[in-house]
Amino acid sequence: MKNGYITMRSTTFGALLLAGTVLTSVGAQAADGIAKGDTSGKTIAFSNSYAGNSFRQVMIRSFEETGAQAAKDHLIKSTAVVSANNSVTEQASQIQNLILQGYSAIVVLAGSDTALNGVVKDACDAGIVVVAFASGVTEPCAYRVDYDLDSYGKAELDYLAGRLGQGPENLLEIRGAAGDGFDKRLHAGVEKAMKDHPTFKIVNEVYGAWTSTVAQKEVSGVLPSLPKIDGVLTQGGDGYGAAMAFEGAGRPLPIIVMGNRQDELALWKKQHQSNGYETMSLGATPSVSQVAFWVAQQILAGKQVPKFVEVPLLRIDQGDLDAWLAKVPEGGVVNATYDQPLVADIIDANVDHKPLPGVPAPK
């Protein structure tokens, strides 16, 4: 009996070990590429906090176009978009309505990193997949699709240091919207990066709402009290307005980090042709909403997705300026297409801790 027990136990252990090996192998294979689970009956909604600038408008359109094509291809049933006009209370109410309507997944661009946690948890508890993107929702049940915003501030300051040197330089910081999660995290990245440039000084900061007209007004309001400005840190959509403020004040144009908008790139090119002005442009792409869409769809399809999916920033340097500018419609913003295979590759790169797939300049 003793030997029989040992034999049986060894055989059982061996079978379990073999099964575990097979399951591990299958799991590893399932993590690679596009998940093929049937999502044709699934619905995905987009809760957006703010739609008052060109970036957000292109972002919404990118989501809608991707969703419409996915429905046409029978990958989902339908999508919906709601925007809250920068009211966290309104956004929470809208998400509650989406929960009641029974959406399979809700993609969220949140107006606050904490104020929506309760309603996000309600959605998760209702069995809804929640994917928060480009905003710091801190509720653990949500998946997050976002940029490494520390790298945003670092890239801006490293570029300015490369152009200006490490001597004493005065900088102006244009932030987004007060209380917004994206703004707070990007600003925190700037503060962290400033430690590597101790001679730089941010002499003032204003909120430009990622909008040219607001940025121009706010910068114009503080310029009379400021010393010579050597560089301007931005968050996107504010570079052109900042330039107009300096021009209106009759002050020299500092190195303004642009944010991938057509008016910014056109101004940069005009200034370069006129006097050799150089800068760089950096930013998120509106089509990050497509990444969030496909992440939600892939989760619904059964793909193993980490709780945080990093997306690469899109950077434009002098050599690529003409190529990108030629592809941007007047009044628009540089955009890239994130299709299902590319997003699956981005997810896999995050899982495997490998370099993220980049977006090459247009040919």
Side-chain angles (χ1 to χ4, degrees), residues 53-58 147 151-165 169-176 186 190 200 206 208-220 223 226 228-287 312-336 358-363:
N53 58 38
S54 60
F55 188 96
R56 291 294 182 97
Q57 291 156 12
V58 175
Y147 302 93
S151 71
Y152 200 121
K154 184 179 187 311
E156 289 188 290
L157 286 161
D158 285 354
Y159 176 79
L160 290 174
R163 292 287 311 283
L164 298 170
E169 308 291 350
N170 293 325
L171 308 181
L172 171 66
E173 182 183 5
I174 305 178
R175 299 181 58 174
L186 201 156
V190 167
F200 285 5
V206 297
W210 309 287
T211 306
S212 178
T213 52
V214 177
Q216 181 175 353
K217 177 184 177 183
E218 295 301 316
V219 173
S220 295
L223 272 182
L226 299 184
K228 177 180 178 290
I229 300 297
D230 303 292
V232 179
L233 304 173
T234 63
Q235 292 192 5
D238 39 18
Y240 182 83
M244 293 300 98
F246 277 89
E247 181 181 288
R251 298 182 61 154
L253 194 64
I255 300 174
I256 301 172
V257 178
M258 301 300 181
N260 293 354
R261 270 58 165 188
Q262 182 271 337
D263 56 1
E264 297 174 326
L265 302 185
L267 171 70
W268 172 9
K269 180 174 182 177
K270 180 180 178 180
Q271 289 290 323
H272 181 72
Q273 291 173 334
S274 174
N275 55 42
Y277 181 84
E278 290 191 12
T279 185
M280 58 93 85
S281 187
L282 183 72
T285 57
S287 52
L313 292 162
L314 196 157
R315 173 171 172 160
I316 302 172
D317 288 294
Q318 188 67 53
D320 296 328
L321 173 60
D322 288 345
W324 281 111
L325 183 56
K327 296 293 184 179
V328 186
E330 185 172 353
V333 58
V334 172
N335 208 13
V359 180
K363 300 295 183 182

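The residues of the chain are indexed from 1 along the displayed sequence.
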Would you say the side chain of Gln271 lies within less than 4.5 Å of the side chain of Thr279, judging by non-hydrogen atoms?
no
For the residue pair Val333 and Gln262, establish whether any side-chain heavy-atom pair is separated by less than 4.5 Å.
no
Does the side chain of Pro362 come within less than 4.5 Å of Trp324's, by heavy atoms?
yes
Salt bridge (Lys or Arg N to Asp or Glu O under 4.0 Å): which pairs involve residues 265-287, sequence neighbours left out?
Lys269-Asp322
Side-chain contact test, heavy atoms from C-beta onward, threshold under 4.5 Å: evaluate it for Phe246 versus Ile229 and give yes or no.
yes
Taking atom CD of Glu247 as the centre, does the number of heavy atoms from other residues, nucleotides or ligands within less than 6.0 Å exceed 12?
no
Any donor and acceptor pair, going by atom type alone, linking the side chain of Asp230 with main-chain N or O of Asn170 inside 3.5 Å?
yes
Would you check if Leu265 and Val334 make a side-chain contact, meaning some heavy-atom pair closer than 4.5 Å?
yes
Can you tell me if Thr211 uses its side chain to pair, donor with acceptor, with the backbone of Ala209 under 3.5 Å?
yes
Check whether any side-chain heavy atom of Thr234 sits under 4.5 Å from a side-chain heavy atom of Tyr240, and report yes or no.
no
Is a donor on one side and an acceptor on the other found under 3.5 Å between the side chain of Asn275 and the backbone of Tyr277?
yes
Please determine, by modelled atom types, if Glu264 and Asn260 share a side-chain donor-acceptor pair under 3.5 angstrom.
no
